[in-house]
Amino acid sequence: MTQEIKITKVAQSQAAGVDFHNIVMGTRFSDHMFICDYENGAWHNPRIEPLALIPTHPAAMALHYGQAIFEGMKATLGQDGTPLLFRPEENAKRLNHSADRMGMPAFPEDLFVEALKQFVALEKEWIPTQEGSALYLRPFMYADEAFIGMRAATSYKFIIMASPAGPFFSRKIKLYAEKKYVRAVNGGTGEAKAAGNYAAAIRPTEYAKAQGYDQVLWLDAHDFNYIQEVGTMNIFFKVDGKFITPSLSGSILNGITRMSVIDLLRHKGYEVTERPITMDEIKAAHADGLLEEAFGTGTAVGIAMVEAIGNNDFTLTLPEANPVSHMVNDTLNAMKVQQEADPFGWIVPAQ
């Protein structure tokens, strides 16, 4: 049975003062946050309260040993003004997969979904209505026990906060095929949405941007040949009319958008194969004129179409037309605001 969520509302919402036509994700936050505490082996006191600073002891274990994970989601508005969520149960499952890998307690999946529903319903005024915009939701968990020592913490906080967001990429992106740094290895934490994964990616990403690229195309740690992910996204290639995407090998995040795109493409009649993909294979397909489209998928970015892939040694320029990429992007966006039917049951009202 889901625990009752106590709600304390702000006296007056700040949403009226936000220019939703000019939004930079992660710079403005909604009025409230959801919090739940883990102590004595159980989760206690689920509540929604006004957004505020969180008192943190300098010895909080997340700051020293990195027990911190998060999820990324978006809320949209339906045609009748109902706030909507996209496959929240999958985020609940993935959060707990990450928690298990990082030695953290599972969060009740029914409470995860119910908390999101009540939180988003309360923050409805913060959901942008502009095309491609949404209320970005950030559920996260971290170890807040004050202790210096290498072991799993005994107390944690689970929090949900939100930030209105416009379209992430308004143009095609260029990918830098990284051959020095790596994102993850099999047996590591690559399949977990762990905060440390992203910290390790910052320096290589800044270098790629300095070279005129937008994101890093991560390769395997042994041969720097097998393709893994793109920045904070999964990656798809259309080769000779068929789609391929790297299989989940233990070093690749199981993206919610990734799994949805696979289902959508197959529903539309396309062949999609999940398997290991090498950079050599993509170069050969490009040389033969068979590399037709490439795009990244992720919650924040949606569908990010790829213009070019390269580094200091080579450059692959992709065709200008991206018909299937556009179809996938437009279909998912339309489904999320109920402009198009949802044959999969992915859309969940937050009421």
Side-chain angles (χ1 to χ4, degrees), residues 1-15 18 25-56 60 62 67-77 82-99 102 104-128 134-145 153 155-165 193-195 256 299-300 347-351:
M1 182 177 177
T2 303
Q3 299 181 56
E4 183 178 353
I5 299 171
K6 179 182 177 181
I7 298 177
T8 305
K9 299 181 181 180
V10 295
Q12 183 173 353
S13 174
Q14 299 297 310
V18 178
M25 190 184 87
T27 59
R28 190 70 186 261
F29 301 94
S30 66
D31 297 315
H32 301 89
M33 59 184 180
F34 171 86
I35 307 180
C36 196
D37 305 306
Y38 183 87
E39 296 172 334
N40 301 317
W43 290 99
H44 305 279
N45 192 22
R47 60 207 184 271
I48 296 174
E49 57 191 38
L51 184 74
L53 299 179
I54 306 167
T56 303
Q67 279 191 299
I69 58 175
F70 66 91
E71 278 297 314
M73 312 174 64
K74 284 182 175 178
T76 50
L77 286 175
T82 300
L84 305 171
L85 296 167
F86 184 77
R87 308 190 75 176
E89 72 287 348
E90 294 296 338
N91 290 93
K93 293 176 185 176
R94 190 172 66 180
L95 179 94
N96 283 337
H97 182 81
S98 297
M102 302 302 290
M104 304 168 75
F107 190 80
E109 293 179 12
D110 57 345
L111 180 56
F112 181 100
V113 174
E114 183 60 28
L116 280 165
K117 287 181 177 180
Q118 294 194 33
F119 176 73
V120 169
L122 186 61
E123 303 292 64
K124 178 180 175 180
E125 293 178 70
W126 287 88
I127 303 176
L135 181 62
Y136 183 82
L137 306 170
R138 173 51 62 90
F140 65 101
M141 184 197 303
Y142 69 96
D144 68 343
E145 180 188 357
S155 65
Y156 298 83
K157 272 190 170 51
F158 174 79
I159 297 174
I160 303 171
M161 61 182 187
S163 174
K193 207 161 175 64
I256 311 302
T299 296
I347 308 302
V348 177
Q351 293 178 319

Of all residues at least two apart in sequence or in a different chain, which pass the salt bridge (charged side-chain N to carboxylate O under 4.0 Å, His left out) check with [X]?
X    : value
K157 : D37, D144
E49  : R47
E114 : none
K9   : none

- prompt: Taking the side chain from T56 and the backbone from I54, do they hold a donor-acceptor pair closer than 3.5 Å?
  reply: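 Checked: pair present.
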
- prompt: Short question: side chain of K124, backbone of T82 - any donor-acceptor pair under 3.5 Å?
  reply: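 No; judged by distance alone, with no hydrogens or angles, the pair does not exist.
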
Return the minimal non-hydrogen interatomic distance between [X] and [Y], and the atom names on each side.
X    : Y    : answer
P349 : I347 : CD-O, 3.9 Å
F158 : P139 : CZ-CB, 3.9 Å
A143 : A153 : CB-CB, 3.5 Å
L84  : L77  : CD1-C, 4.1 Å
A75  : A134 : O-CB, 3.4 Å

message: If you apply the rule side-chain contact (heavy atoms from CB on, under 4.5 Å), what do you find for I127 with V120, and how did you get there?
response: CA-CA 9 Å; I127 303 176; V120 169; 4.1 Å; yes

Quick one: does [X]'s side chain get under 4.5 Å of [Y]'s, heavy atoms only?
X    : Y    : answer
E71  : T299 : no
S155 : Y38  : no
F107 : I69  : no

Can you list the residues that meet the side chain to side chain donor-acceptor pair (under 3.5 Å) rule with [X], with sequence neighbours excluded?
X    : value
Y136 : R138
S98  : none
Q67  : Y156

Supply the atom-to-atom distance [X] [atom1] to [Y] [atom2], rounded to the nearest 0.5 angstrom.
X    : Y    : atom1 : atom2 : answer
E125 : Q14  : CD    : CD    : 10.5 Å
F112 : M73  : CZ    : CE    : 5.0 Å
K193 : R94  : NZ    : CZ    : 5.0 Å
F34  : I159 : CZ    : CD1   : 10.0 Å
I35  : I160 : CD1   : CD1   : 10.5 Å
N91  : I256 : CG    : CD1   : 4.5 Å

field: side-chain contact (heavy atoms from CB on, under 4.5 Å) between K93 and E109, intermediate numbers included
entry: CA-CA 7 Å; K93 293 176 185 176; E109 293 179 12; 3.7 Å; yes

So, using side chain to side chain contact (heavy atoms under 4.5 Å, CB included) as the criterion, who are the partners of [X] when residues are at least two apart?
X    : value
P108 : W43, D110, L111
A162 : S30, F119, L135, L137
A121 : none
A195 : A68

message: Can you see whether H32 engages E123 through a side-chain donor-acceptor pair at a distance of less than 3.5 angstrom?
response: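 Distance-only check passes for H32 and E123.
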
task: Take L51 and M33 through the side-chain contact (heavy atoms from CB on, under 4.5 Å) test and state the conclusion after the steps.
output: CA-CA 5 Å; L51 184 74; M33 59 184 180; 3.9 Å; yes

